[in-house]
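Each remark here refers to the structure printed beneath this line.
Note that the coordinates shown come from a computational prediction; the quantities given were computed from them, not determined experimentally.
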Amino acid sequence: MKISIFIFAVLIATTFSLRGQNNLDFETWVTNPQGIEEPEFWETNNVQNFISVSKSTNSISGNFAALIKSNGISFEGKAPGILQATWSNLSIPTRNISFKIKIDSISSNATAMIIITGFSNSNVLYNDTAIYSTTTNGWESKTIILSDTTRTCDSLKVSFIANSVATPTGYVGYAEYLVDNVLINQPLSIIDINFLAKTLGVYPNPSNDRFFIETFPKMEIKSIKLFDNAGKLLRTFEINSNGYNISSLKVGSYFVQISTTKGVITKTIIKR
């Protein structure tokens, strides 16, 4: 059993040579050097007869979603299934990444794990992990915030893992889920960011119950979304000159994502 765990760890370390990729929605699949089909530009731990990542026509849009399941090299139990990619040479700042997930099967000791890491000059700037331990009621959307107006990242690593737990006697647990509609919120130029930062304000900040948005006269607001610190979308506001009610929120800091005709910017607001 120890040998099988060791082989699996070595394969993870040697198989995932990271490359920038463009196929976000798993529409194009290619055959890897081992003769196994996988999403173009994505890396998997598909090995021999242990197919951890396969395509599914049960997609939220387009032709295919990626089906990830606990599998891999293990004579006892199911080792984690992994699908991952890295986007390199990104314009800055990258604001967030979103995806849709549908979990059909998950047992105790297993999780559906999504790890998002943003880098600048190979240094980690942002790291967030979304963990699911129960099935979902159909497709669910997830957005993870990756930046603000002061910190930027030039590359981004995304890992979708159907995670089981290694024990001295083998892997415990099983997870199986679909992922689709992976989308990087494309960045603004530094000029655009500076313009938005100077001409768009959120006040009062901190706020007890309601905040307002001040914009440049020729700037039109298209949408306003509120996220918590984990990147979970809490609500989408209707455009309202009378302000935006946050009285029901717990005390703490939140992200307000404001889409305008001049671009999109994320502001931090503190609820007190």
Side-chain angles (χ1 to χ4, degrees), residues 12 15-72 80-91 94-106 112-119 128-130 132 135-146 153-163 175-188 223 225 231 233 257 259 264:
I12 291 178
T15 300
F16 297 154
S17 58
L18 299 174
R19 335 180 263 242
Q21 66 89 33
N22 300 304
N23 176 29
L24 307 188
D25 279 341
F26 315 116
E27 297 309 303
T28 305
W29 291 65
V30 296
T31 301
N32 68 17
Q34 295 176 329
I36 302 170
E37 201 171 28
E38 62 185 15
E40 186 178 25
F41 302 119
W42 290 79
E43 302 288 347
T44 73
N45 63 331
N46 288 345
V47 179
Q48 299 172 359
N49 295 323
F50 301 94
I51 309 300
S52 300
V53 179
S54 57
K55 63 184 176 183
S56 170
T57 56
N58 184 15
S59 58
I60 191 69
S61 67
N63 294 322
F64 304 117
L67 172 62
I68 308 166
K69 61 183 180 180
S70 302
N71 210 329
I82 303 173
L83 172 68
Q84 68 178 21
T86 293
W87 289 264
S88 301
N89 302 318
L90 293 173
S91 302
T94 301
R95 292 190 300 275
N96 61 56
I97 184 169
S98 62
F99 54 88
K100 293 185 183 295
I101 186 171
K102 183 176 183 288
I103 303 174
D104 294 321
S105 177
I106 198 161
M113 181 182 297
I114 299 92
I115 303 174
I116 313 290
T117 307
F119 302 87
D128 202 351
T129 302
Y132 294 81
T135 58
T136 59
N137 183 18
W139 288 95
E140 289 190 2
S141 299
K142 177 72 176 178
T143 299
I144 294 180
I145 302 292
L146 289 166
C153 57
D154 53 32
S155 62
L156 179 66
K157 181 179 179 180
V158 181
S159 300
F160 295 100
I161 305 171
N163 199 40
E176 179 178 318
Y177 65 95
L178 294 166
V179 63
D180 202 1
N181 279 31
V182 181
L183 176 65
I184 293 177
N185 192 340
Q186 293 299 326
L188 298 172
S223 68
K225 296 181 179 180
L233 177 63
Q257 185 186 78
S259 175
V264 181

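Put simply, the side chain of Ser70 gets close to the backbone of Ala175: a donor and an acceptor are under 3.5 Å apart. Checked by atom type and distance alone, the side chain of Glu27 pairs as donor or acceptor with a backbone atom of Asn63 at under 3.5 Å. A donor-acceptor pair under 3.5 Å is formed between the side chain of Asn45 and the backbone N or O of Pro80. Of the possible polar contacts, one joining the Thr136 side chain to the Ile103 backbone as a donor-acceptor pair under 3.5 Å is found. Judged by distance alone, the side chain of Asn71 and the main-chain N or O of Phe50 form no donor-acceptor pair under 3.5 Å.
For the side chain to side chain contact (heavy atoms under 4.5 Å, CB included) criterion with Phe64, the lone passing option out of Thr57, Asp25, Thr28 is Thr57.
Applying the salt bridge (charged side-chain N to carboxylate O under 4.0 Å, His left out) criterion to Glu140, with sequence neighbours excluded, gives no partner residue. Under the salt bridge (charged side-chain N to carboxylate O under 4.0 Å, His left out) criterion, Lys100 pairs with no residue at all, not counting sequence neighbours.
The aromatic ring centres of Tyr177 and Tyr132 sit 6.0 Å or more apart.
Rounded to the nearest 0.5 Å, atoms CD1 (Ile51) and CG (Asn46) are 4.5 Å apart. To the nearest 0.5 Å, atom CD1 of residue Ile60 and atom CG of residue Asn181 are 6.5 Å apart. One finds the CD1 atom of Ile97 at 10.5 Å from the CD1 atom of Ile114 (value rounded to the nearest 0.5 Å). To the nearest 0.5 Å, atoms CD1 (Ile68) and OG1 (Thr44) are separated by 10.0 Å. The CD atom of Glu43 sits 8.5 Å away from atom OG1 of Thr86, with the distance rounded to the nearest 0.5 Å.
Residues Val182 and Phe160 meet the side-chain proximity criterion, which asks for heavy atoms closer than 4.5 Å. Between Trp87 and Val158, some side-chain heavy-atom pair lies under the 4.5 Å cut-off. Considering only heavy atoms from C-beta on, Lys225 comes within 4.5 Å of Leu233 through its side chain.
The environment of NZ in Lys142 is crowded: more than 12 heavy-atom neighbours from other residues, nucleotides or ligands sit within 6.0 Å.
Leu178 and Ser56 make their closest contact through CD2-CB, 3.6 Å (heavy atoms, listed as atom of the first residue, atom of the second, distance). Listed here is the closest heavy atom pair of Ala85 and Trp42: CB-CE3, 3.5 Å. Taking all atoms of both residues into account, the shortest heavy-atom contact from Leu83 to Phe26 is CD2-CE2, 3.8 Å.
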